[in-house]
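Worksheet: one structure, shown below.
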Amino acid sequence: MTTKKKPKVYITRKLPDAVETRMRELFDAELNIDDVPRSKAELIAAVKSADVLVPTVTDRIDAALIEEAGPQLKLIASFSNGTDHIDVEAAARKGITVTNTPNVLTEDTADMTMALILAVPRRLGEGARVLTDQPGEWAGWSPTWMLGRRIHGKRIGIVGMGRIGTAVARRAKAFGLSIHYHNRKRVNPATEDELEATYWESLDQMLARVDIVSVNCPSTPATFHLLSARRLALLQPTAYLVNTARGDVVDEAALIKSLREGKLAGAGLDVFENEPAVNPKLVKLANEGKVVLLPHMSSATIEGRIDMGDKVIINIRTFIDGHRPPNRVLPGR
Ligand SMILES: O=CC(=O)O
């Protein structure tokens, strides 16, 4: 009996212990115990020797890096839902398959989106800070103090009605919001009926009519600055914008300008254009109570991360066994 050689799998970041243990059992796994992001040189060395690369959203797997890959590298099994950090076209040209981890972070991301939808108009961050930043200063309940804006009865406009957008819509409906959405294509009639959702073919028209905008589409060349200065200007000055997708879907400089000029009431952001750098003007706006900022943590649950790890493992094993992995990402998606 011949024992099959374990594939050499290079994992760029620290993963949950249970996932790393399983990876060690199954693969010749090179882990990143210290969780220091890998340098470009380290990534180049990895693609020259590993059979499988397991990157995540913080790694730039661009065409230049893929060009460096040795002939043994056949799979990039990303530990992420989004694949905007990978040049999927360049990988395909080199005969490298790319996979991701969809579905398992839908509900967690939708929960956090809903949390921001509530937090910004209801001034949750500001209120919490009163008690922690100025202990003993709270003068007690007052009829006119800390007033936010009502959520119930307002209109939400969801930009991108995929799995996460639909999960946000379900939550928003339960909070009494009416559902409006813009998507490349209309969702199926049963979902539209369930959500009593209104489809807007024109994003511009939808933006002008909603009270809260939730950005839930992936970052692709087509969605870069989809929420441009021109489109942000269509929003009502009482509107709020929440982004838990990717920073570059929104023109951040234009968003900051709108917020500073009072052309937009507030924003809740979990993602930023130059992450992990956060524009100091946004921090200032957060201190003024106009925005709530989170450090890209919408999908961050223990359960979700373990599920993501399981998906990565299934994708690798299926591929190594000679089958099509379940979460293959095709170029041009
Ligand atoms: O943002 C997180 C992911 O894409 O997995």
Side-chain angles (χ1 to χ4, degrees), residues 11-16 18-20 23 32 35 37-38 52-62 75-88 91 98-117 158-168 214-224 226-227 241-250 252 267-278 292-316 325-331 333:
I11 300 121
T12 64
R13 297 297 298 264
K14 166 107 191 82
L15 301 182
V19 176
E20 290 190 336
M23 285 194 164
N32 183 350
D35 202 26
R38 296 303 193 188
V52 180
L53 178 70
V54 179
T56 188
V57 292
T58 50
D59 305 300
R60 281 258 68 77
I61 314 299
D62 56 16
L75 176 66
I76 298 175
S78 190
F79 186 91
S80 64
N81 182 34
T83 48
D84 47 296
H85 56 295
I86 304 173
D87 191 328
V88 181
V98 176
T99 60
N100 67 341
T101 61
N103 301 319
V104 290
L105 30 77
T106 303
E107 304 303 329
D108 296 326
T109 306
D111 283 345
M112 202 61 128
T113 308
M114 200 61 221
L116 284 174
I117 290 169
I158 297 175
V159 181
M161 195 72 150
R163 286 181 294 261
I164 296 174
T166 306
V168 170
S214 178
V215 181
N216 296 110
C217 60
S219 160
T220 67
T223 63
F224 178 80
L226 184 66
L227 276 295
L241 181 132
V242 167
N243 186 5
T244 55
R246 285 291 184 266
D248 64 6
V249 180
V250 179
E252 200 173 270
L269 307 174
D270 183 47
V271 285
F272 306 92
E273 269 206 82
N274 301 309
E275 258 177 65
V278 176
V292 173
L293 307 177
L294 293 176
H296 199 152
M297 55 185 277
S298 282
S299 68
T301 66
I302 295 168
E303 295 87 340
R305 293 289 188 254
I306 290 174
D307 292 346
M308 287 168 82
D310 288 346
K311 285 220 162 217
V312 170
I313 290 170
I314 291 169
N315 280 317
I316 298 175
N327 306 120
R328 196 164 160 211
V329 179
L330 296 172
R333 197 184 67 149

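Because only heavy atoms are used, hydrogens play no part in the values below, and waters and symmetry mates are left out as well, while side chains stay in. Whatever order the structure lists ligands and atoms in, that order sets their numbers, starting from 1. One is the number of the first residue; the rest follow in order along the sequence.
- Looking at residues two or more places apart in sequence or on another chain, you find a side-chain contact (heavy atoms from CB on, under 4.5 Å) between Glu20 and Lys14, Leu15, Asp17, Leu31, Ile33.
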Where do Val168 and Val242 land on the side chain to side chain contact (heavy atoms under 4.5 Å, CB included) test, with the steps shown first? CA-CA 11 Å; Val168 170; Val242 167; over 6 Å; no
Pairs of donor and acceptor atoms involving the side chains of residues 292-303, under 3.5 Å and at least two apart or interchain, shall be tabulated with distances.
{"from": "His296", "atom 1": "ND1", "to": "Glu275", "atom 2": "OE1", "distance (Å)": "2.6"}
{"from": "His296", "atom 1": "ND1", "to": "Glu275", "atom 2": "OE2", "distance (Å)": "3.4"}
{"from": "Ser298", "atom 1": "OG", "to": "Asp270", "atom 2": "OD2", "distance (Å)": "2.8"}
{"from": "Ser299", "atom 1": "OG", "to": "Arg305", "atom 2": "NH1", "distance (Å)": "2.9"}
{"from": "Thr301", "atom 1": "OG1", "to": "Asp108", "atom 2": "OD2", "distance (Å)": "2.8"}
{"from": "Thr301", "atom 1": "OG1", "to": "Gly304", "atom 2": "N", "distance (Å)": "2.9"}

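- Sorted by chain then number, the residues whose non-hydrogen atoms approach ligand 1 to under 4.0 Å are Val57, Ser80, Asn81, Gly82, Leu105, Arg246, His296, Met308.
- Formation of a donor-acceptor pair under 3.5 Å by the Thr223 side chain with backbone atoms of Pro218 is found in this model.
- In this structure, a donor-acceptor pair under 3.5 Å is present between the side chains of Thr113 and Thr244.
- Residues passing the side chain to side chain donor-acceptor pair (under 3.5 Å) test with Thr12, sequence neighbours excluded: Asp59.
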